[in-house]
Trainee: 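Below is one structure. I have some questions about it.
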Amino acid sequence: MITGGDPPMNLDRDTAALRRLIDEAERIAVFTGAGISTESGIPDFRSPGGIWTRLAPIDFEAFLASEEARREAWRRKFASDGMIRSAKPNRGHRAVAELVRRGKAAAIITQNIDGLHQASGIPEAQVIELHGNTTYAHCLDCARRYEIDDLRIAFERDEAPPLCVGCGGFVKTATISFGQPMPAEAMRRAEIETRAADLFVVLGSSLVVYPAAGFPELAKHNGATLAIINREATPLDGLADLVLRGAIGETLGAAVAID
Ligand SMILES: [Zn+2]
């Protein structure tokens, strides 16, 4: 790669600008979307050609109303589970974890459901999941937790959608489906982190889904600096102080000096 020989430290101009913003920030809010996980081989489900454009999503109302919809939701979950399970955090995840380790970022706000921020070493309590988590399941009524492997073994016997052994409620992956209310506690914490930040960094989100996309707007209106790293243009690029189009691992990894 030609870097143009730019001092300092062979960073290109954009990466150097990102590093400067990070160094000067007192408190960073990091907001991640599918783009950081595509670099770990997890497809962006909403992108053109993505699985959700071929299969109609099973919305929350259908999941509650129909045993067949629940069965189909679990079939799809088990069919895609190997891909989620084999994915490993990439350089972008490691760079974000380094910002947490340094105390620059108090928490990560994420639209991702793959658990890769936790797998990169960020404590569970410091990952705010706006769309939940697909690496485990829970009862919709009493919130009892279930592990995917245990559910799979039972499902493979008779394809019966799982019911809670405690209360009989429907068991669902701990994700937020289309039509399901946003998780109130995660939304509240994300707003607190956004308001506390003097630098808001978007990594790999197209910023088209509300209410999630409202956070960078809130940060900017609250006086924070806004940096967006995404492969495609976003509707908020015009609001941002810095827009980078490169790969997240390469760009943020270089800015944070993490391999
Ligand atoms: Zn239950």
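All of these numbers come straight from a predicted model, not from anything done at the bench. Counting starts at 1 for both ligands and their atoms, following the listed order.
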Trainee: Parallel, tilted or perpendicular: which fits the ring planes of H93 and H117, with parallel below 30° and perpendicular above 60°?
Mentor: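 The arrangement is perpendicular - the two ring planes meet at more than 60°.
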Trainee: Specify whether F60 and F63 have parallel, tilted or perpendicular ring planes, treating 30° as the upper limit for parallel and 60° as the lower limit for perpendicular.
Mentor: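 Geometry flag for F63 against F60: parallel rings.
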Trainee: Could you go step by step and tell me if R245 and R231 meet the side chain to side chain contact (heavy atoms under 4.5 Å, CB included) rule?
Mentor: CA-CA 5 Å; R245 289 268 189 271; R231 284 202 177 274; over 6 Å; no
Trainee: I'd like to know if R91 pairs up with E250 as an ion pair, taking the criterion as any Lys NZ or Arg NE/NH1/NH2 lying under 4.0 Å from an Asp or Glu carboxylate oxygen.
Mentor: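 No salt bridge links R91 with E250.
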Trainee: Which N, O or S atoms belonging to the protein are less than 2.8 Å from the Zn ion (ligand 1)?
Mentor: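 C139 SG, C142 SG, C164 SG, C167 SG, with waters left out.
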Trainee: Are the side chain of K104 and the backbone N or O of I22 linked by a donor-acceptor pair below 3.5 Å?
Mentor: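 Side chain of K104 to backbone of I22: a pair is present.
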Trainee: Of all heavy-atom pairs between E98 and V256, which one has the smallest distance, and what is that distance?
Mentor: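 It is CG-CG1, 3.5 Å.
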